[in-house]
Amino acid sequence: QVRMVESGGGSVQAGGSLRLSCVASEYIDSDYCMTWFRQSPGKEREGVASSGSGGRTTYAESVQGRFTITRDNDKNTLILQMNNLKLDDTGMYYCATDVSLFRDAGAPPPGKVAGCLNLPLYEYNGWGQGTQVTVSS
């Protein structure tokens with residue numbers, strides 16, 4: 001199964017920027033989602049930004065206008081440019097995809113129909129170890 005490696009996290013002051021990278025272990029067709037998630041203690045893992053079928057990009061309302069997701073399928077890479085960081089952006093950031101070897105061969109990519117950020121977590125695979133983002137005042 002595909003596996004992701006996340007990097008680029010760090011500690012920054014509010015208003016600063018970070019650039020996160022997610023590299024997949026294999027090629028992921030552009031019809032499938034590649035999605036950034038984040039999680040902080042006591043909170044559910046939430047979708048932050050996603051790149052899906054047809055080049056569609058979607059963002060959580062909380063990061064609209066501040067984060068930009070970019071996908072390079074030739075390099076199996078997903079980038080999250082985070083600007084004007086806020087304290088609430090603190091968390092562990094993960095990358096995942098809705099590719100699965102265990103679905104029927106003819107099954108469509110789930111996110112292509114439902115929207116990448118609308119998918120339940122069980123549709124995603126390839127979770128890496130995450131990269132920590134800490135924003136301080």
Side-chain angles (χ1 to χ4, degrees):
Q1 281 275 24
V2 64
R3 289 291 182 268
M4 310 295 191
V5 177
E6 302 96 341
S7 63
S11 181
V12 299
Q13 292 185 347
S17 298
L18 284 172
R19 182 180 174 91
L20 306 184
S21 295
C22 167
V23 180
S25 61
E26 61 192 65
Y27 175 80
I28 299 175
D29 188 89
S30 60
D31 276 347
Y32 291 87
C33 303
M34 291 186 71
T35 301
W36 281 102
F37 299 83
R38 68 186 179 192
Q39 187 170 22
S40 58
K43 298 180 65 177
E44 298 290 333
R45 187 170 298 186
E46 63 176 348
V48 175
S50 189
S51 173
S53 180
R56 290 185 290 270
T57 58
T58 52
Y59 299 89
E61 182 67 25
S62 60
V63 307
Q64 279 278 355
R66 300 187 297 116
F67 291 9
T68 302
I69 190 168
T70 306
R71 183 172 178 173
D72 186 344
N73 272 28
D74 291 336
K75 299 179 179 179
N76 305 336
T77 299
L78 187 72
I79 302 295
L80 186 66
Q81 178 66 46
M82 306 187 296
N83 297 324
N84 192 23
L85 284 161
K86 302 178 178 180
L87 295 180
D88 287 346
D89 295 321
T90 293
M92 186 72 74
Y93 282 69
Y94 301 89
C95 182
T97 179
D98 63 346
V99 167
S100 176
L101 296 178
F102 302 102
R103 298 192 187 102
D104 292 339
K112 185 176 182 179
V113 177
C116 298
L117 290 183
N118 295 323
L119 292 177
L121 291 180
Y122 69 77
E123 294 281 12
Y124 279 97
N125 301 284
W127 305 97
Q129 295 301 115
T131 185
Q132 178 68 37
V133 172
T134 303
V135 184
S136 60
S137 61

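- One hydrophobic cluster, built from ILVMFWY side chains closer than 4.5 Å, holds both Val63 and Leu87.
- Crowding of Gln64 atom CD: a count of heavy atoms from other residues, nucleotides or ligands under 6.0 Å exceeding 12.
- Checked by atom type and distance alone, the side chain of Thr70 never pairs as donor or acceptor with a backbone atom of Ile79 at under 3.5 Å.
- Aromatic ring pairs are classed by plane angle as parallel below 30°, tilted from 30° to 60° and perpendicular above 60°; the pair Phe37 and Tyr124 is perpendicular.
- Both Tyr59 and Leu18 are assigned to one and the same hydrophobic cluster, defined by single-linkage of ILVMFWY side chains at heavy-atom distances under 4.5 Å.
- Side-chain contact between Pro109 and Asp31: present, with at least one pair of heavy atoms (C-beta onward) separated by less than 4.5 Å.
- Not one N or O on the side chain of Asp104 forms a donor-acceptor pair closer than 3.5 Å with the backbone of Gly106.
- Inter-residue side-chain proximity for Arg38 and Leu80 is flagged as unmet; no heavy-atom pair is nearer than 4.5 Å.
- By the neighbour-count criterion of 12 heavy atoms within 6.0 Å, atom CG of Asp88 is sparsely surrounded, having that number or fewer from other residues, nucleotides or ligands.
- Atom CD of Gln132 has more than 12 heavy atoms from other residues, nucleotides or ligands within 6.0 Å.
- A tilted orientation is assigned to the rings of Tyr93 and Phe67, their planes being inclined by 30° to 60°.
- The heavy-atom pair separating Cys33 from Thr97 by the smallest distance is O-OG1, 2.8 Å.
- Between the side chains of Thr134 and Ser11, no donor-acceptor pair is found at a separation under 3.5 Å.
- Proximity of a side-chain donor or acceptor of Tyr94 to a complementary backbone N or O of Gln39 within less than 3.5 Å is not detected.
- Sparse packing is recorded around CZ of Arg19, with 12 or fewer heavy atoms of other residues, nucleotides or ligands lying under 6.0 Å away.
- Counting heavy atoms from C-beta outward, Gln1 and Leu101 have side chains that approach closer than 4.5 Å.
- Of the possible polar contacts, none joining the Glu6 side chain to the Thr131 backbone as a donor-acceptor pair under 3.5 Å is found.
- Scanning all heavy atoms of the two residues, the minimum distance from Ile28 to Asn73 falls at O-ND2, 2.9 Å.
- Here the shortest heavy-atom pairing between Leu85 and Arg66 reads CA-NH1, 3.9 Å.
- Rounding to the nearest 0.5 angstrom, the gap separating the OG atom in Ser30 from the CZ atom in Arg71 is 6.5 Å.
- Taken to the nearest 0.5 Å, the CZ atom of Arg3 stands 10.0 Å off from the CD atom of Gln129.
- Contact detail for Trp36 and Cys22: the closest heavy-atom pair is CZ2-CB, 3.5 Å.
- Considering OG of Ser17 and CG of Asn84, their distance stands at 7.5 Å, rounded to 0.5 Å.
- Put simply, Leu119 and Trp127 are part of the same group of oily side chains (I, L, V, M, F, W, Y) that touch within less than 4.5 Å, one to the next.
- No side-chain heavy atom of Asn125 sits under 4.5 Å from any side-chain heavy atom of Val99.
- Of the possible donor and acceptor atoms, none in the side chain of Asp98 sits under 3.5 Å from a partner among the backbone N and O of Tyr32.
- Within the model, atoms CD of Gln81 and CG of Leu20 stand 8.5 Å from one another, a figure rounded to the nearest 0.5 Å.
- Under the 4.5 Å side-chain heavy-atom criterion for ILVMFWY residues, no single connected hydrophobic cluster contains both Val23 and Met4.
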Residues Leu117, Thr35; criterion side-chain contact (heavy atoms from CB on, under 4.5 Å); working and verdict:
CA-CA 8 Å; Leu117 290 183; Thr35 301; 3.8 Å; yes

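- In this structure, Gly52 and Cys116 approach most closely via the heavy-atom pair CA-SG, 3.7 Å.
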Could you walk me through whether Tyr27 and Val2 pass side-chain contact (heavy atoms from CB on, under 4.5 Å), step by step?
CA-CA 9 Å; Tyr27 175 80; Val2 64; over 6 Å; no

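- Taking all atoms of both residues into account, the shortest heavy-atom contact from Pro110 to Glu123 is CG-OE1, 3.6 Å.
- The structure places CD of Glu46 at 10.5 Å from CG of Leu121, a figure rounded to the nearest 0.5 Å.
- Proximity of Met82 to Val133: side-chain heavy atoms (C-beta onward) are separated by under 4.5 Å at one or more points.
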